[in-house]
Amino acid sequence: MTPTEKTTLGPTHQPKVPWENFVRFIRQLSHDLRNQLNAAELQGALIGEITADSELKSEVRQLRELVSKLGATLQRLSSSVAEPRPTRLSYSAADFVSDLRKKIAQNYPKESARLKWEPVTNGTVLEIDPALVEWAVVELFDNAFRHSPAAGEISVSAEVDSDQFTLVLREPKGKELDDPSLWSIPLRSVTHGHYNLGLYRARQILEAHGGNLTAQFDPDSAILTSRIILPCSLEKH
């Protein structure tokens, strides 16, 4: 090639990374960074032990708390993309809803006042991993509290049809709403502290139990109806 000749590179293409590769990357990155954060926290603890300066001790304590929060954030990020592996237990639907109410009242003391619960009285039994399914359902409530008008009532009811248990949330929305079927697409909308992975993981958890998560918006009433669907059986007496 002579000095005056030029080479032209082809068009730059965005790489299409398979989701499983992305998950492995996030989990490995989280693991590596948490190891470094653990070392930093231990170093901070050592400094706090060897210094007699009360002001320095206070600053080191705050630094350790910050490092701990960063580690927890990375752990949640890693968990949010991991494949759910449920350990199933028999759990009556009435007990599940009762425990769920207590959890939401504890986590959202102000917002939970907006909820109107319908009782679950039949003998329906779920075969679920309670911790995983509770996480998935709480994530749905968290989204409802953050994205519904603050004054609107959210109704919660249960439906049983043959071998299917459905927990139904009806919440007021504005007259215009994005297509709900797009909400569980991971990383669709990324903002500070939110990566659009919560509803994705919730759906993954429910599907791992043989269930599903659906949402329908009625523009006439401006009501969003979300359904958490799980297989069930009837309790034998």
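Note that these values count all heavy atoms, side chains included, but never hydrogens, waters or copies made by symmetry.
- Pairing each heavy atom of V160 with each of C232, the nearest pair is CG1-SG, 4.3 Å.
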Begin with the C-alpha distance, continue with both residues' side-chain angles, and end with the deciding distance and a verdict on side-chain contact (heavy atoms from CB on, under 4.5 Å) for L167 and F165.
-> CA-CA 7 Å; L167 190 69; F165 171 83; 4.2 Å; yes

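- Remark: E55 CD is loosely packed, at most 12 non-hydrogen atoms of other residues, nucleotides or ligands lying under 6.0 Å away.
- Atoms OG and CZ, on S79 and R27 in that order, are 8.0 Å from each other to the nearest 0.5 Å.
- Separating the CD atom in Q164 from the CG atom in N212 is a distance of 9.0 Å, to the nearest 0.5 Å.
- The closest side-chain heavy-atom distance from I228 to L206 is below 4.5 Å.
- D53 places a side-chain N or O within 3.5 Å of a backbone atom of L56 that can act as its donor or acceptor partner.
- Between D218 and T225, every side-chain heavy-atom pair lies at or beyond the 4.5 Å cut-off.
- For the pair D129 (side chain) and T87 (backbone), a donor-acceptor distance under 3.5 Å is present.
- Distance CG/L77 to CG/L29: 8.0 Å, rounded to 0.5 Å.
- Checking S98 against D95 by side-chain atom types alone, no donor-acceptor pair falls below 3.5 Å.
- More than 12 heavy atoms of other residues, nucleotides or ligands sit less than 6.0 Å from atom NZ of K57.
- Connectivity analysis of hydrophobic side chains (ILVMFWY, heavy atoms under 4.5 Å, direct or indirect) links I50 to L46.
- Between the side chain of T51 and the backbone N or O of I47, no donor-acceptor pair lies under 3.5 Å.
- One hydrophobic cluster holds both F22 and Y200 under the rule that ILVMFWY side chains link at heavy-atom gaps under 4.5 Å.
- For the residue pair P172 and I154, the shortest heavy atom distance occurs at CD-CG1, 4.4 Å.
- For residues 32-48, the pairs satisfying side-chain hydrogen bond (donor to acceptor under 3.5 Å, both in side chains) are Q28-D32, S30-R34, H31-N35, R34-Q75, with sequence neighbours left out.
- H209 approaches L230 most closely through the heavy-atom pair CB-CD2, 3.9 Å.
- The local environment of CZ in R227 is crowded, with over 12 non-hydrogen atoms from other residues, nucleotides or ligands closer than 6.0 Å.
- Remark: the backbone N or O of E134 is not paired with any side-chain donor or acceptor of K103 at under 3.5 angstrom.
- Contact detail for I26 and S78: the closest heavy-atom pair is CG2-CA, 4.2 Å.
- The pair R146-D142 meets the salt-bridge criterion, with a side-chain N (NZ, NE, NH1 or NH2) lying under 4.0 Å from an Asp/Glu carboxylate O.
- Side chains of E153 and R114 form no contact here, defined as non-hydrogen atoms less than 4.5 Å apart.
- Here the straight-line distance linking atom OG1 of T73 with atom CG of L37 works out to 9.5 Å at 0.5 Å rounding.
- The shortest side-chain heavy-atom distance between Y91 and V133 does not fall under the 4.5 Å cut-off.
- Cluster membership for F25 and L33, using ILVMFWY side-chain heavy atoms within less than 4.5 angstrom, is shared.
- Here the closest heavy-atom approach between residue S226 and residue A215 is recorded as OG-CB, 4.0 Å.
- Under a hydrophobic-cluster definition in which Ile, Leu, Val, Met, Phe, Trp and Tyr are linked whenever side-chain heavy atoms come within less than 4.5 Å, directly or via other members, L126 and V168 are assigned to different clusters.
- Using a 4.5 Å cut-off on side-chain heavy atoms (C-beta onward), W135 and R201 make contact.
- Side-chain contact between L169 and S155 is absent, with no heavy-atom pair separated by less than 4.5 Å.
- Side-chain atoms of V138 and L100, non-hydrogen and from C-beta on, do get closer than 4.5 Å to each other.
- The line from CG of L115 to CZ of F141 is 5.5 Å long, rounded to the nearest 0.5 Å.
- When side chains are defined from C-beta on, W117 counts as touching I104, because their heavy atoms get closer than 4.5 Å.
- Under the 4.0 Å criterion applied to side-chain N and carboxylate O atoms, K173 and E171 are assigned as salt-bridge partners.
- In this view, R170 and E159 satisfy the salt bridge (charged side-chain N to carboxylate O under 4.0 Å, His left out) rule, not counting sequence neighbours.
- The two residues V125 and S90 make their nearest non-hydrogen contact at CG1-CB, 4.2 Å.
- Rounded to the nearest 0.5 Å, atoms CZ (F145) and CG (L140) are 10.0 Å apart.
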Candidate pair T214 and I229, rule side-chain contact (heavy atoms from CB on, under 4.5 Å), full reasoning = CA-CA 8 Å; T214 66; I229 302 167; 4.3 Å; yes

